[in-house]
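Computed from a predicted structure; not experimentally measured. Heads up: numbering here begins at 1 and tracks the sequence.
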Amino acid sequence: MNIWDNRSAAWPIANPVLTCASVTDSAFPSNYVADPFLYAKDDILYMFFKSKNPITMQGDIRVARSMDNGVTWEQLGVALNEDWHLSHPYVFEYNRHIYMMPDGSGKGDLRLYRAVDFPLKWKLEKIILERSLIDTFIIQHKETFWIFGSYHGNLEIWYSRSPFGPWTPHKRNPVLGLPNGGRPFNYNGNFYRLAHDNERVHVFKIEVLTPYSYKEVEVDIGVENPTKGRNAWNGARSHHLDVQRLSNGNWVGVADGDRIHFGDVISRRVVGCGLIVTAGSVIFVIGWLLGLVKRFIPFAHNVKNKNSLLLIWERLKLRVRLNVNPNRFIGKFVISFLLIVSVVIMCVGFWYIYGGNGAEKPYPVDTRFSQFTLLAMTYDARIWNLKMYVNHYSRCASVREIVVVWNKGNPPDPNDFDSAVPVRIRVEKQNSLNNRFRPDPLIKTKAVLELDDDIMMNCDDIERGFKIWRENPERLVGFYPRLVTGPPPLMYRPEKHARKHNGYNMILTGAVFIDREVAFERYWSREAEAGRETVDEVFNCEDVLMNFLYANGSRDPTVEYVKPKWAIDTSKFSGVAISGNTQAHYRVRGKCLEEFTKIYGGLTDRKVEFGRRADGWDR
């Protein structure tokens with residue numbers, strides 16, 4: 001966490017650093033990764049982890065390498081592969097040799113492997129225990145070696161004078177405790193065990209550990225639980241943590257996580273199929289009411305002595321059909337209502353089966369993830385917009401912080417917002433649109449999303465825009481294209497006109513990703529001073545000025561459009577839109593175009609066509 005890389009748009013590096021997708025992209029097929037363990041050697045970090053092979057459907061032990069303290073990881077390949085499922089690759093050093101003790105409960109024993117060509121070649125050293133323990137670790141404590149592991153859900157402890165055995169069971173087995181959740185560690189003279197409850201990792205301080213007694217006390221792990229639900233990489237659970245102390249004295253930890261719980265796909269399919277069956281039943285009822293289905297319970301017409309229950313059922317059918325006559329208004333209404341209900345239920349059923357898990361995940365660039373700061377400029381009359389805005393966007397996966405530029409009125413308390421990330425209120429002395437781009441040294445990300453507080457769109461659109469900006473950090477990447485046309489008088493044209501002429505040369509900064517250092521420096525440079533004065537004079541055009549400054553700084557394209565699936569202007573509901581009179585607003589912008597063209601040069605020759613991207617996100 002908090003690792004910075006100023007050389008790229010991935011600033012800062014964000015979790016997760018490794019996924020089954022990134023493993024698969026490296027030519028090692030995987031549909032599940034878990035149980036990571038670190039091993040530090042010569043200032044290089046090696047990560048051993050379980051990876052489920054989608055072809056064999058069993059777990060193998062894979063290994064990745066990091067040369068930059070965990071910022072980036074190179075997939076090295078399969079470290080250990082057996083004919084049975086492997087997991088939990090506990091790696092440790094003993095007598096100048098490196099050993100691995102993976103879980104292989106399918107064989108019913110506990111095996112110790114020795115590295116003969118680290119990290120990819122291992123040899124079976126010894127079967128040290130004929131017992132199928134899982135989530136197992138081995139550690140030396142007070143001249144004695146200890147094995148902690150679970151057997152049929154119960155925690156067991158074994159001890160020996162050597163890691164090769166023989167091993168003696170603890171007198172209190174099975175001891176009371178949660179299953180292991182990673183590597184134990186020593187800190188300030190105390191011994192700690194990591195455990196899990198299938199959702200979160202817990203830390204226990206071991207106070208007594210002898211062959212005859214064991215006592216542990218839970219302590220605070222000091223890690224905040226995720227607050228973004230399925231949009232967080234570990235929103236559903238995190239059941240493993242390995243912490244290591246590096247040679248420079250710093251600590252580094254690696255954890256696994258899931259967005260959804262196990263069984264989510266199966267449960268969604270069950271619910272979806274149930275809804276589709278329900279919809280089919282409703283359609284069956286409609287057919288019966290219309291006389292297309294003659295009987296619910298088939299029986300022969302020539303049977304003379306029907307029992308009483310069947311006679312009651314026949315009378316009930318006749319009465320319902322008489323009351324629901326499809327030739328009358330009430331009958332048509334009931335049948336139409338049931339038909340609509342059945343279609344809705346069926347659509348929901350198919351959505352449960354094929355609609356995914358509902359997570360709006362970030363998009364990696366070169367297998368790496370990052371974060372951005374969300375910045376909104378507002379004032380006291382728009383507090384209703386702002387609260388809804390913060391509640392929604394704070395749950396987006398890549399949002400690190402929300403900064404509210406407060407231009408006028410009494411500022412709110414940041415604690416008044418329902419937010420999954422920190423909210424900071426930056427109170428300005430003057431009500432100026434230039435404040436939107438004022439340099440802010442407290443912003444800790446390279447990327448800033450300038451987003452008006454009256455714009456609502458889904459998190460997936462935001463994440464797509466962030467991915468495109470990371471690929472093009474020198475550009476203004478946004479969601480609202482405009483077209484400036486000439487020759488003079490220059491005309492400020494809306495998106496509809498831009499699409500008609502298949503091109504745009506401006507992106508509104510009410511919804512745009514920028515490089516905070518480049519953009520803020522350009523906007524507050526001496527060259528931009530005349531433009532800022534114009535913005536203050538007309539209380540408009542700050543986004544027009546930013547586009548001119550970018551265009552003036554490069555001959556390459558400086559704008560990039562991302563089409564949102566949907567976007568809602570909430571100011572229409574609150575009646576506090578800043579630019580309510582569209583025609584007057586456009587006239588002011590036309591004057592700004594003329595003024596800025598004289599100072600910074602034109603935009604009309606900087607047209608970019610729609611549909612340039614191979615992914616189709618700009619169509």
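Here Arg532 does not pair with Asp536 in a salt bridge; the nearest charged N to carboxylate O distance is not below 4.0 Å. By the 4.0 Å N-to-carboxylate-O rule, Lys467 lies too far from Asp615 to be salt-bridged with it. Between Arg193 and Glu216, at least one side-chain nitrogen of the basic residue sits less than 4.0 Å from a carboxylate oxygen of the acidic one, meeting the salt-bridge criterion. Taking the charged nitrogens against the carboxylate oxygens, Asp380 and Lys408 have no contact shorter than 4.0 Å, which rules out a salt bridge. Ion pairing of Lys387 with Asp416 is absent here, as no side-chain N (NZ or NE/NH1/NH2) approaches a carboxylate O to less than 4.0 Å. Using a 4.0 Å cut-off between charged nitrogen and carboxylate oxygen, Asp543 and Arg589 count as a salt-bridge pair. By the 4.0 Å N-to-carboxylate-O rule, Arg237 lies too far from Asp197 to be salt-bridged with it.
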- request: Walk me through it: do Phe49 and Asp35 pass the test side-chain contact (heavy atoms from CB on, under 4.5 Å)?
  value: CA-CA 5 Å; Phe49 58 95; Asp35 303 341; 5.9 Å; no
task: Report the C-alpha separation of Leu483 and Asn505 in whole Å, then their side-chain angles, then the decisive distance to 0.1 Å, and conclude whether the side-chain contact (heavy atoms from CB on, under 4.5 Å) test is met.
output: CA-CA 5 Å; Leu483 180 63; Asn505 48 25; 3.6 Å; yes
Verdict with supporting geometry, Asn552 and Leu549, side-chain contact (heavy atoms from CB on, under 4.5 Å): CA-CA 5 Å; Asn552 189 48; Leu549 295 174; 5.8 Å; no
message: Working note: Tyr363 + Trp617, criterion ring pair (Phe, Tyr, Trp, His ring centres under 6.0 Å); need CA distance, chi angles, decisive distance, verdict.
response: CA-CA 13 Å; Tyr363 294 86; Trp617 289 356; 5.3 Å; yes
message: Could you go through Asp618 and Arg464, starting from their C-alpha distance and side-chain angles, then the distance that decides it, and tell me whether this counts as salt bridge (charged side-chain N to carboxylate O under 4.0 Å, His left out)?
response: CA-CA 11 Å; Asp618 60 343; Arg464 288 191 298 120; over 6 Å; no
- prompt: Going through the distances and angles, do Glu401 and Val421 end up as a side-chain contact (heavy atoms from CB on, under 4.5 Å)?
  reply: CA-CA 6 Å; Glu401 179 191 24; Val421 299; 5.6 Å; no
message: ring pair (Phe, Tyr, Trp, His ring centres under 6.0 Å), that's the test. Do Tyr586 and Tyr492 meet it? Break it down for me.
response: CA-CA 6 Å; Tyr586 276 34; Tyr492 175 83; 5.0 Å; yes
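Leu545 is not listed as a side-chain neighbour of Thr534, based on a closest heavy-atom distance of 4.5 Å or more. Residues Tyr523 and Glu542 have side chains in contact (heavy-atom distance under 4.5 Å, counting atoms from C-beta outward). Residues Glu560 and Arg613 have side chains in contact (heavy-atom distance under 4.5 Å, counting atoms from C-beta outward). Within the 4.5 Å cutoff, the side chain of Asp418 has heavy atoms near those of the Arg395 side chain. Phe417 places none of its side-chain heavy atoms less than 4.5 Å from the side chain of Asn391. A heavy-atom distance below 4.5 Å is found between the side chains of Arg438 and Glu428. Using a 4.5 Å cut-off on side-chain heavy atoms (C-beta onward), Leu508 and Arg482 make contact. Val544 is listed as a side-chain neighbour of Leu593, based on a closest heavy-atom distance under 4.5 Å.
In this structure, Arg522 forms a cation-pi arrangement with Tyr550, its terminal cationic atom sitting closer than 6.0 Å to the ring centre and no more than 45° off the ring axis. The cationic atom of Arg499 (NZ for Lys, CZ for Arg) lies less than 6.0 Å from the six-membered ring centre of Phe610 and within 45° of the ring axis. At least one test fails for Lys52 against the ring of Tyr32: distance under 6.0 Å to the centre or angle within 45° of the axis. A cation-pi arrangement, defined by a distance under 6.0 Å to the six-membered ring centre and an angle within 45 degrees of its axis, is absent between Arg470 and Trp11.
Heavy-atom minimum distance, Ala498 versus Tyr504: CB-CB, 4.5 Å. Considering all non-hydrogen atoms of both residues, Trp233 and Pro16 come closest at CB-CD, 3.8 Å. Considering every non-hydrogen atom in both Val203 and Leu194, the closest pair reads CG2-CD2, 3.4 Å. Taking every heavy atom of both residues into account, Leu449 and Ala511 meet most closely at CD1-C, 4.4 Å.
Looking at Thr445, its side chain does come within 3.5 Å of a backbone N or O of Thr373 through a donor-acceptor pair. Of the possible donor and acceptor atoms, none in the side chain of Asp452 sits under 3.5 Å from a partner among the backbone N and O of Asp454. Glu360 places a side-chain N or O within 3.5 Å of a backbone atom of Asp460 that can act as its donor or acceptor partner. Between the side chain of Asn547 and the backbone N or O of Ile507 there is at least one donor-acceptor pair closer than 3.5 Å. A donor-acceptor contact shorter than 3.5 Å is absent between the side chain of Arg606 and the backbone of Val559. Looking at Lys446, its side chain never comes within 3.5 Å of a backbone N or O of Asp515 through a donor-acceptor pair. Thr24 places a side-chain N or O within 3.5 Å of a backbone atom of Ser30 that can act as its donor or acceptor partner. Side-chain N or O atoms of His240 include none that pairs as donor or acceptor with a backbone N or O of Asn180 at under 3.5 Å. Side-chain atoms of Ser238 come within 3.5 Å of backbone N or O of Asp256 as a donor-acceptor pair. Asn472 places a side-chain N or O within donor-acceptor distance of the main-chain N or O of Ile468, the cut-off being under 3.5 Å.
Atom OG of Ser22 is separated from atom CZ of Arg368 by 12.5 Å, given to the nearest 0.5 angstrom. Atom OH of residue Tyr561 and atom CZ of residue Phe479 lie 9.5 Å apart, to the nearest 0.5 angstrom. The distance from atom CG of Leu38 to atom CG of Leu45, rounded to the nearest 0.5 Å, is 6.0 Å. Taken to the nearest 0.5 Å, the CG atom of Asn231 stands 7.5 Å off from the CD atom of Glu463. Here CD of Gln75 is found 8.5 Å from CE of Met47. Values are rounded to the nearest 0.5 Å. Within the model, atoms OG1 of Thr378 and OH of Tyr389 stand 9.5 Å from one another, a figure rounded to the nearest 0.5 Å.
Residue Ser394 forms a side chain to side chain contact (heavy atoms under 4.5 Å, CB included) with just one option from Thr227, Leu374, Ile402, Val399, and that option is Ile402. Phe372 pairs in a ring pair (Phe, Tyr, Trp, His ring centres under 6.0 Å) with only one of the listed residues (Trp469, Phe466, Tyr393), which is Phe466.
The number of heavy atoms from other shown groups lying within 6.0 Å of CD1 (Ile266) does not exceed 12. For Asn410, the CG atom counts as loosely surrounded, since its 6.0 Å shell holds 12 or fewer non-hydrogen atoms of other residues, nucleotides or ligands. Other residues, nucleotides and ligands place more than 12 heavy atoms under 6.0 Å from the NZ atom of Lys565. Residue Glu521 places its CD atom among 12 or fewer non-hydrogen atoms of other residues, nucleotides or ligands, all under 6.0 Å distant. More than 12 heavy atoms of other residues, nucleotides or ligands shown are found within 6.0 angstrom of NZ on Lys228.
Note: Tyr192 and Phe185 meet the aromatic proximity criterion, with ring centroids under 6.0 Å apart.
The aromatic rings of His239 and His196 stand perpendicular to each other, their planes meeting at an angle above 60°, with 30° marking the opposite boundary.
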